[in-house]
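Residues: numbered from 1 along the sequence shown.
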Amino acid sequence: MVLKIVRTVWPVMLTYVAIGAPCGMIMGQTGMEPWMVFALSSTFVTGSGQFMICNLWLADVPAPSIIASVAAISSRFALYSASIAPHLRGASKRQTLAVAATLTEEAYGISLAKLVEGEDWGPRESFVLNVILIATWGISCTMGAIVGAVVDVPTAIAAFVCTSLFICLLFSQRLSRGNVVAAVSGAVSVAVCKFLGLANIAVPASVVVGIAIALACDAVFDGRGARDAR
């Protein structure tokens, strides 16, 4: 079973190595020892959140703002767990909890596709997949921290790995009115916050503002469409 899963996810594992190593370098620059990097990377399953924690910490952002920012971008995991749970009806509560508590974004996508397609895939396979990817991420981050302690890699270069990842994700999204409005309003809110000297809350504020304006825009236009149809 393990070999079958590895054959399925090895491209994702290579991606984890490429992204995890720079993340580990940044974590090492915050003063974390390699064992600390491994402990955090193996229990905190959102890589983007780890990048955010390190970059905001290096920028001397207050802890409450860091917590709010990371919580905002990590809230999506609650939706992932809720959407995959109905496909694990035959599993026990312990198995369902184990799968939901160890999900990563890539593991969620793979497991959900396998479960929906009706393949020979269940809670055991989903959990093992999660563990393999978490272990790969943790080891990659740890190796990055070890290399970063020997080789001086500029923080800006390592940090841009996460930024470039989000840029790729943005351009891979379907070009819709809601997505465009959320991206533009989020960027504008960051600029306004920084102009007003509110850099500490710029990131969480941009998330809330972008989502709220996009939802309101969609609701207005959808309502107009329904009235025009009538």
J.: Side-chain heavy atoms under 4.5 angstrom apart, residues restricted to Ile, Leu, Val, Met, Phe, Trp, Tyr: same cluster for Ile110 and Leu14?
T.: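 No; Leu14 is not reachable from Ile110 via cluster members.
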J.: With the 4.5 Å side-chain cut-off for hydrophobic clustering, are Leu40 and Val17 part of the same group?
T.: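 No, it is not one cluster - the side chains of Leu40 and Val17 are not joined through contacts under 4.5 Å.
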J.: Roughly how far, to the nearest 0.5 Å, is the CG atom of Leu133 from the OH atom of Tyr108?
T.: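 That separation rounds to 15.5 Å.
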J.: If I take atom CH2 from residue Trp10 and atom OG1 from residue Thr136, how far apart are they, to the nearest 0.5 angstrom?
T.: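 Answer for the CH2-OG1 pair, Trp10 versus Thr136, is 13.5 Å.
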J.: Please report the interatomic distance CD1(Ile146) to SG(Cys141), rounded to the nearest 0.5 Å.
T.: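 One gets 11.5 Å once the value is rounded to the nearest 0.5 Å.
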J.: State, to 0.1 Å, how close Leu103 and Asn130 come at their nearest heavy-atom pair, and which atoms those are.
T.: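 Closest approach of Leu103 to Asn130, heavy atoms only: N-ND2, 3.9 Å.
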J.: Grab the two heavy atoms, one from Ser206 and one from Gly186, that are nearest each other, plus how far apart they are.
T.: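 Nearest heavy atoms, Ser206 then Gly186: CB-O, 3.3 Å.
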J.: Can Met1 be reached from Val6 by stepping across I, L, V, M, F, W or Y side chains whose heavy atoms are under 4.5 Å apart?
T.: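 In one cluster with Val6: Met1, yes.
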J.: Taking all non-hydrogen atoms of both residues into account, name the closest pair between Ser185 and Ile213 and its distance.
T.: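 It is CB-CD1, 3.7 Å.
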J.: Can you find a pair of side-chain heavy atoms, one from Trp137 and one from Cys23, that are under 4.5 Å apart?
T.: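 Contact flag for Trp137/Cys23 side chains = yes.
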J.: Would a 4.5 Å heavy-atom cut-off, applied to side chains only, mark Ser111 and Val99 as touching?
T.: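 The answer is no, as the side chains (C-beta and beyond) never meet within the 4.5 Å cut-off.
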J.: Mind listing the closest non-hydrogen atom pair of Glu125 and Ile5 along with its distance?
T.: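 Between these two residues, the closest heavy atoms are O-CD1, 3.5 Å.
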J.: Is it true that atom NZ of Lys4 has more than 12 heavy atoms of other residues, nucleotides or ligands lying nearer than 6.0 Å?
T.: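 Yes, because the 6.0 Å sphere around NZ of Lys4 holds more than 12 heavy atoms from other groups.
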J.: Under the side chain to side chain contact (heavy atoms under 4.5 Å, CB included) criterion, do Leu129 and Lys114 qualify, and how do the steps go?
T.: CA-CA 12 Å; Leu129 169 65; Lys114 297 284 188 182; over 6 Å; no
J.: Any idea which heavy atoms bring Phe44 and Gln50 closest together, and the distance?
T.: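 Closest heavy-atom pair between Phe44 and Gln50: O-OE1, 2.9 Å.
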J.: Can you measure from CE (Met32) to CD1 (Ile53) and round to the nearest 0.5 angstrom?
T.: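 Those atoms lie 8.5 Å apart.
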J.: Does the side chain of Met27 reach to within under 4.5 Å of the side chain of Ser41, using non-hydrogen atoms?
T.: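 Side chain of Met27 against side chain of Ser41, heavy atoms only: contact under 4.5 Å found.
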J.: What heavy-atom pair brings Ser83 and Leu112 nearest, and what distance separates the two atoms?
T.: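 Here Ser83 and Leu112 meet closest at O-CD1, 4.3 Å.
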J.: Answer yes or no: is there a side-chain heavy-atom contact under 4.5 Å between Ser140 and Met143?
T.: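 Not in contact.
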J.: Evaluate the side-chain proximity of Ile139 to Phe38: yes if any heavy-atom separation is below 4.5 Å, no if none is.
T.: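 Yes - at least one pair of side-chain heavy atoms lies under 4.5 Å apart.
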J.: Applying a strict under-4.5 Å side-chain criterion to I, L, V, M, F, W and Y, I'd like to know whether Trp121 and Val116 cluster together.
T.: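 Yes, one cluster joins them.
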J.: When hydrophobic residues are tied together by side-chain contacts of less than 4.5 Å, even through go-betweens, does Val181 share a cluster with Val188?
T.: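 Unlinked, Val181 and Val188 end up in two clusters.
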J.: Is there a donor-acceptor contact under 3.5 Å linking the side chains of Tyr16 and Thr104?
T.: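 There is such a pair between these side chains.
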